[in-house]
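Accompanying notes for the structure given below.
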Amino acid sequence: MRVLHISDHADPMATPGGEFCGGQNVYVRELARRLADGGCTVDVVTRWADGRLARQEEIAPGARTVRVPAGPVGPLPRERFGDVLDEFCEGVVRLHQEAGGYDVVHSHYWYSAAAALRLGDRYPVPLVHTHHSLGAVRRAAIGPGTADGEHFAARHRTERRIGLRAAAVVASSPGELADLQELLGTPRDTLHMVPPGVDTAAPTPRDRALARAELGLPVDAPVILFVGRLEPRKGWEDLVPAFALVRRAVPAAVLVVVGGEEPGRRTGPGPLAELVEHHGLTGGVHLRGPVPHSATARYYGAADVTAVPSHYEPFGLVAVESMACGTPVVAARVGGLRWSVADPRVGTLVPPRNPAALAAALVDVLTSGTAARRQACLDHAGSVYGAQRWADDIRAIYHRVAAPRDGPAGEG
Ligand code: UDP
């Protein structure tokens, strides 16, 4: 089976954690890799956002990324993608023609949905879509921001249209599934709930002391971890004052931040470093900048607890990656986290934008012993977020929607 993934702004080969790269990049790369492993031939088309990278690059045997120019080759803030959307859509249509067509087209995020819809207008290819984020939910959680006026209307229209036109829409959590029906009118029989998988089988340094030594972290200190882009909606502005409160109860605690500005990239301290300094916490906070995804497991393995204080989180891969490494989570009660962190054995949910509640939950985990929670996290991640199950479920959707010429279900 030949599959085209459309991933507008999220290049599967980019290092996440910086300004523009995060969960969608990881989701698309890992899914492409696993689908190829199971016999699919996978192309991922994305906007050419880095002139140092080639037009095509292998992700894994059987999976490649194809970069199409849309606007000047170089970075582009996500909210300005609309300026180059038309050119991107034409690039996707051209790739489809050059490749001789695909059996299934799977689009990610709403700009890619626009490209998929254009493709669908010209070729009878079955469409599958994953939203990754919904305009209406985002707006309700964090206000209009850049997604205001015309931009929001165009996004909402496209999100509705893809739900009505696609053969299948993948929701990552029960909450998203309900939102898609209620807010977008996506028909129930089009919807499939398939949570993303993470690598629970990958060797992770369970021995915390070793992981800490390797990372240059204090071996005996209680460690709180934050992993993610330093967008305001990730709640890092709540985490720093929360950490100041934690230190009153647990003075030896340290906070490790993975993601954000690369150390030394800017001339002065970034906003996070400034906030840390403002609270007099410089000695207790380790700012590591973005790290390759393959290196994040070592950080999760080194931590006692991972904090996910987001104001808005469509799914929140970081929470389940943490569980997959046996590290409990304290998360804001928003989006997919409401579901993934619902079991009190794997984590604690707190109200968003509430440093005091965040601090209290972190202190509770740090002072109550994590051994039982660690095993519960491993069990939970293994049973709900297995990567193989994820790829198998998505492949089963492709077989269901692909034209009969693709052969019986179960083939590649
Ligand atoms: N990530 C990473 N390196 C970093 C920071 C983040 O590999 O320095 C990864 C993280 O492990 C996760 C993804 O980026 O896989 C973030 O996904 P999430 O769904 O939590 O947030 P999003 O970026 O989609 O808002």
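The first residue in the sequence is number 1, and the count goes up from there. Start at 1 and go down the list; that is how both ligands and their atoms are numbered. Hydrogens, waters and symmetry mates are skipped; everything else that's a heavy atom, side chains included, is used.
Counting protein heavy atoms only, atom 14 (O) of ligand 1 is closest to Pro16 CB, 3.5 Å. Shortest contact from atom 5 (C) of ligand 1 to any protein heavy atom: Gly17 CA, 3.3 Å. Val227 CG1, 3.6 Å is the protein heavy atom nearest to atom 6 (C) of ligand 1. In terms of protein heavy-atom proximity, atom 15 (O) of ligand 1 is nearest to Glu321 OE2, 2.6 Å. With hydrogens left out, the protein atom closest to atom 21 (O) of ligand 1 is Lys234 NZ, 2.9 Å, a heavy atom. Ranking protein heavy atoms by distance to atom 18 (P) of ligand 1, first place goes to Leu317 N, 3.6 Å.
Annotation for ligand 1: atoms under 4.0 Å from non-hydrogen atoms of Gly259 are 8 (O). Close contacts between ligand 1 and Pro290 involve ligand atoms 8 (O) [criterion: under 4.0 Å to a heavy atom]. The atoms of ligand 1 that sit less than 4.0 Å from any heavy atom of Val258 are 4 (C), 8 (O). Those atoms of ligand 1 with a heavy atom of Gly316 less than 4.0 angstrom away are 19 (O), 20 (O). Residue His293 has at least one heavy-atom neighbour below 4.0 Å for each of these atoms of ligand 1: 7 (O), 9 (C), 11 (O), 15 (O). Under a 4.0 Å criterion applied to the non-hydrogen atoms of Thr296, ligand 1 contributes the atoms 2 (C), 3 (N), 7 (O), 11 (O).
Within the 4.0 Å heavy-atom criterion, neither part of Glu231 lies near ligand 1. Only the side chain of Val26 comes within contact range of ligand 1, with a heavy atom under 4.0 Å; no backbone atom does. Contacts with ligand 1 closer than 4.0 Å are made by side-chain heavy atoms of Tyr300 only, the backbone lying farther away. With a heavy-atom cut-off of 4.0 Å, Arg233 touches ligand 1 through its side chain alone.
Backbone and side-chain nitrogen or oxygen atoms of Val291 are examined, and one is located within less than 3.5 angstrom of a nitrogen or oxygen of ligand 1. Remark: ligand 1 and Gly23 share an N or O pair separated by less than 3.5 Å (distance only, no angle test).
The side-chain contact (heavy atoms from CB on, under 4.5 Å) test with Val308 is passed by exactly one of Val330, Val341, Leu239, Val318: Val318. Considering Arg138, Lys234, Arg229 in turn, Lys234 is the only one that fulfils the salt bridge (Lys or Arg N to Asp or Glu O under 4.0 Å) rule with Glu313. Of the listed residues (Val26, Thr130, Leu317), just one forms a side-chain contact (heavy atoms from CB on, under 4.5 Å) with Pro196, and that residue is Leu317.
Among pairs with a residue in residues 40-68, those fulfilling side chain to side chain donor-acceptor pair (under 3.5 Å) read Asp11-Arg67, Asp43-Arg64, Asp43-Tyr102, Asp50-Arg52, Gln56-Arg64, Glu57-Arg67, at least two apart in sequence or across chains.
In this structure, Arg33 does not pair ionically with Asp37, as no charged nitrogen and carboxylate oxygen lie closer than 4.0 Å. For Arg34 and Glu30, the salt-bridge test passes: some basic side-chain N is under 4.0 Å from an acidic carboxylate O. Taking a cutoff of 4.0 Å between a charged side-chain nitrogen and a carboxylate oxygen, Arg118 and Asp86 qualify as a salt bridge. The pair Asp304-Arg208 meets the salt-bridge criterion, since a charged nitrogen lies less than 4.0 angstrom from a carboxylate oxygen.
Counting heavy atoms from C-beta on, the side chains of Arg288 and Leu215 come closer than 4.5 Å.
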CA sep, side-chain torsions, deciding dist, call: Trp390, Tyr27, ring-ring contact (aromatic ring centres under 6.0 Å, His included): CA-CA 11 Å; Trp390 177 38; Tyr27 182 106; 5.0 Å; yes
Please step through ring-ring contact (aromatic ring centres under 6.0 Å, His included) for the pair His129 and His106, ending with a clear verdict. CA-CA 5 Å; His129 183 68; His106 187 160; 7.7 Å; no
